[in-house]
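When a ligand or atom number is given, it counts from 1 through the structure's own listing order. Please read all numbers here as calculations on a predicted model, not as lab measurements.
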Amino acid sequence: MISKSIDTQKIAYCPYSKFHVGACILGDDGQLYTGCNVENQSYGLTICAERCAVMKMVSNNCHCIKGIVVSTNIGVTPCGACRQVLQEFVDDKTNDFPVLIVNSETNEVLESSMKALLPSAVDLHFLKH
Ligand code: THU
């Protein structure tokens with residue numbers, strides 16, 4: 001998953017920030033879903049790597065994340081918007097999954113988790129039907 005994330009980081013579409021982000025999600029269907037940031041000249045329309053990977057997972061009819069790797073050249077954690085979108089697809093039982101933050105320059109890996117990154121997340125799952 002780390003090497004897939006770094007491979008996808010390299011093909012990020014980021015001509016404005018030049019900040020390449022890669023992600024790789026393991027779905028509970030056993031499939032890997034990669035994502036990169038996709039920027040836009042109307043800056044606010046930019047999509048982060050993490051959400052790109054989530055959209056690929058959901059559009060393949062998978063709704064549960066078992067883990068995610070996010071890679072950049074400095075090792076940054078997912079932005080707040082992505083944390084909320086990732087939270088939507090936690091396992092019902094554990095309400096959590098591992099989040100690995102990779103620095104692709106040094107190969108350092110920080111092991112975090114969804115719960116650590118978004119404590120006290122809103123839980124409206126009872127509205128689902
Ligand atoms: N970016 C991500 O892809 N994921 C994050 O969690 C942080 C930010 C992207 C968005 C934009 O293309 C670039 O990084 C600079 O903010």
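- A distance-only check finds no donor-acceptor pair linking the side chain of Ser5 to the backbone of Met1 [under 3.5 Å].
- Looking only at protein heavy atoms, the nearest one to atom 9 (C) of ligand 1 is Asn37 ND2, 3.6 Å.
- Those atoms of ligand 1 that come under 4.0 Å of a heavy atom in Glu39, given as number and element, are 11 (C), 12 (O), 13 (C).
- Two residues are said to be in side-chain contact when any heavy atoms from C-beta on lie closer than 4.5 Å; Cys14 and Val38 fail this criterion.
- Taking 4.0 Å as the cut-off, Cys82 does not count as a neighbour of ligand 1 on heavy-atom distance.
- Within the model, atoms CG of Asp92 and SG of Cys64 stand 7.0 Å from one another, a figure rounded to the nearest 0.5 Å.
- Against a heavy-atom cut-off of under 4.0 Å, Pro78 is close to the following atoms of ligand 1: 6 (O).
- Cys48 SG, 4.0 Å is the protein heavy atom nearest to atom 8 (C) of ligand 1.
- With Arg83, Arg51, Glu50 as candidates, the residue nearest to atom 4 (N) of ligand 1 on a non-hydrogen basis is Glu50.
- Counting only N and O atoms by type, the side chains of Asn60 and Tyr33 include a donor and acceptor under 3.5 Å apart.
- Cluster annotation: Ile25 and Val76 are assigned to the same hydrophobic cluster (Ile/Leu/Val/Met/Phe/Trp/Tyr, side-chain heavy-atom contacts under 4.5 Å, transitive).
- Distance check on atom 16 (O) of ligand 1: every protein heavy atom falls at or beyond the 4.0 Å cut-off.
- For the pair Cys79 and ligand 1, the shortest N or O to N or O distance falls below 3.5 Å.
- Within ligand 1, counting atoms from 1 as listed, the ones closer than 4.0 Å to a heavy atom of Ser17 are 13 (C), 15 (C).
- Ser113 places a side-chain N or O within 3.5 Å of a backbone atom of Ala116 that can act as its donor or acceptor partner.
- Between Ala49 and ligand 1, a contact under 3.5 Å exists for at least one N or O pair.
- Residues passing the side-chain contact (heavy atoms from CB on, under 4.5 Å) test with Tyr16, sequence neighbours excluded: Glu39, Gln41, Tyr43.
- Interface atoms of ligand 1 facing Thr46, defined by a heavy-atom separation under 4.0 Å, are 10 (C), 11 (C), 12 (O).
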